[in-house]
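There's a structure below that I have some questions on.
All figures in this text were calculated on a predicted structure; none of them were measured in a lab. So that the names make sense, note that chain A is the first sequence line, chain B the second, and so on, each numbered from 1.
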Protein chains: 2
Amino acid sequence: METTCEVPESPWDIYLRNCPCRDVLDLLANKWTALVLGALSRRPHRFGELRRAVGGISQKMLTQNLRAFERDGLVTRTVFPTTPPTVEYALTERGASAGTLLMAVSEWSVANFDGILESRKEYDSRVMEPVG
Amino acid sequence: METTCEVPESPWDIYLRNCPCRDVLDLLANKWTALVLGALSRRPHRFGELRRAVGGISQKMLTQNLRAFERDGLVTRTVFPTTPPTVEYALTERGASAGTLLMAVSEWSVANFDGILESRKEYDSRVMEPVG
DNA sequence: CGGGATCCGGTCGGATACTG
DNA sequence: CAGTATCCGACCGGATCCCG
């Protein structure tokens, strides 16, 4: 009874141009993935609830992401036959591990934002000024 | 003289629609970011060397990424006045911490690829078959 | 409420050609 | 070698309308 501890090494090399794993990396490296999985990491959400949690995401993109996540076994979609319909999205075990990883990325973005802003200011003044 | 240990909590909330931190998250959640920073995590690279290390990346995208990384203080760009010119890209401390994070994401993609493929097969047969 | 379908502009990103 | 510049197609993603 272990988790994903026993994956020694796959034959896949993600640095190779046609490695099929790129699909997965592209899914994770998506504009909304980190935020959606991050929100679901806290607790299961209903559709509209999730839409409100992730500020700025459109209904289309949320649907598209959730479908992809469901297909890849990252989230489960449960429909309760109420009126109006209630649909709950929750992370699978696999989705939870991805969520943990990506929440770290989100947190890194927040924690390093101020420093990055300063780097940008310094870079821009270095590149733009001389020519003036 | 501390590193980034003392960042208790920024006033930023990345789940808010107009949070400027989204810029940073978008940079990390880019198609090539994880692979480029991952390659640079091993050791500094010259341009062409890096291009070959990250299979499939075009010269344009590599340049674009490296410029953005340099601007945000993730990599340094060092030019040696040789003929032909030698340019070396290396991670800063900030870039190294981002690289560590993103390498975990790459490794997750590889480690979970097989399981995800099975999920897809099962999902597709469940969704496509019934209608025939 | 939880979507599907469609239209459409903007940007991503590859291919190519040229420079020092 | 290490780029810059340009063209251009693909698709990303928002807005809108509609349905059960």
Do A/His45 and A/Leu40 have side chains that approach each other closer than 4.5 Å (heavy atoms only, starting at C-beta)?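 A side-chain contact under 4.5 Å exists here.
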Nucleotide D/dG13, atom C1' - distance to CZ of B/Arg17 in whole Å: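 B/Arg17 atom CZ is separated from D/dG13 atom C1' by 13 Å.
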Where the side chain of A/Val87 is concerned, which of D/dG13, C/dG2, C/dG13 is the nearest nucleotide?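 Looking only at side-chain atoms, A/Val87 lies closest to C/dG2.
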Is there a chain of hydrophobic side chains (I, L, V, M, F, W, Y, each step under 4.5 Å between heavy atoms) that links A/Val79 to A/Leu91?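 Same cluster.
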Once you measure the plane-to-plane angle for B/Phe47 and B/Tyr89, does it fall in the parallel (<30°), tilted (30-60°) or perpendicular (>60°) bin? tilted
Check every atom of C/dG2, C/dA5, D/dG13 against the side chain of A/Gln59 and return the nucleotide holding the closest atom. C/dA5
d(CG, B/Asn65; C1', D/dG3) in whole Å: 15 Å
Assign each of A/Lys31 and A/Pro84 the nucleotide of DNA chain D bearing its closest heavy atom; nearer the 5' end lies the nucleotide of A/Lys31
The side chain of A/Pro85 is closest to which nucleotide in this list: D/dG20, C/dG14, C/dA5? D/dG20
Taking B/Ser119 as the fixed residue, which of A/Arg71, A/Arg94, A/Glu70 is the one that meets the side-chain hydrogen bond (donor to acceptor under 3.5 Å, both in side chains) rule?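 Of the listed residues A/Arg71, A/Arg94, A/Glu70, the side-chain hydrogen bond (donor to acceptor under 3.5 Å, both in side chains) partner of B/Ser119 is A/Arg94.
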Of all heavy-atom pairs between B/Gly38 and B/Met103, which one has the smallest distance, and what is that distance? CA-CG, 3.7 Å
Would you be so kind as to tabulate the donor-acceptor pairs closer than 3.5 Å made by side chains of residues 18-30 of chain B, with sequence neighbours excluded?
residue: B/Arg22; atom: NE; partner: B/Ile14; partner atom: O; Å: 2.8
residue: B/Arg22; atom: NH1; partner: A/Gly55; partner atom: O; Å: 3.2
residue: B/Arg22; atom: NH2; partner: A/Gly55; partner atom: O; Å: 2.8
residue: B/Arg22; atom: NH2; partner: B/Ile14; partner atom: O; Å: 3.2
residue: B/Arg22; atom: NH2; partner: B/Tyr15; partner atom: O; Å: 3.4
residue: B/Arg22; atom: NH2; partner: B/Leu16; partner atom: O; Å: 3.4
residue: B/Asn30; atom: OD1; partner: B/Trp32; partner atom: N; Å: 3.2

Can you tell which of D/dC1, D/dG13, D/dG3 lies closest to the side chain of A/Met61?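 Of D/dC1, D/dG13, D/dG3, D/dG13 is nearest to the side chain of A/Met61.
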Give me the distances for all protein-to-nucleotides 6-8 of chain C N/O pairs that come in under 3.5 Å?
none

Figure out the CZ/C1' separation between B/Phe47 and C/dG20, and round it to whole Å. 15 Å
By the 4.0 Å heavy-atom rule, please label A/Arg77 as base, sugar-phosphate, or nothing. sugar-phosphate
Starting at CG of A/Asp26 and ending at P of D/dG13, how long is that distance when rounded to a whole Å? 12 Å
A/Arg52 atom CZ is separated from C/dC1 atom P, nearest whole Å, by 7 Å
Nearest-Å distance, CG (B/Leu50) to P (D/dA2)?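 The answer, rounded to whole Å, is 10 Å.
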Per the atom types in the model, does the base of C/dG3 pair as donor or acceptor with the side chain of A/Gln64 at under 3.5 Å?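 Donor-acceptor pair under 3.5 Å: no.
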Once you apply a heavy-atom cut-off of 4.0 Å, does B/Arg51 come out as touching a base, just sugar-phosphate, or nothing?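 Result for B/Arg51 = nothing.
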Nearest-angstrom distance from the residue atom CD1 of A/Ile57 to P of C/dG2: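 Roughly 14 Å, once rounded to whole Å.
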Which part of the nucleic acid, if any, lies within reach of B/Tyr89 when heavy atoms closer than 4.0 Å are counted: base, sugar-phosphate only, or nothing?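 Touches sugar-phosphate only.
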Measure the distance from CG on B/Asp23 to P on C/dT11 and round it to the nearest whole Å. 14 Å
Below 4.0 angstrom, N of the basic side chain to O of the carboxylate: do A/Glu49 and A/Arg43 qualify? yes
Might you point out which heavy atoms bring A/Thr92 and A/Gly73 nearest each other, and give the distance in Å?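 The pair with the smallest heavy-atom distance is OG1-O, 2.6 Å.
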Does B/Arg46 put a side-chain nitrogen or oxygen below 4.0 Å from OP1 or OP2 of D/dA2? yes
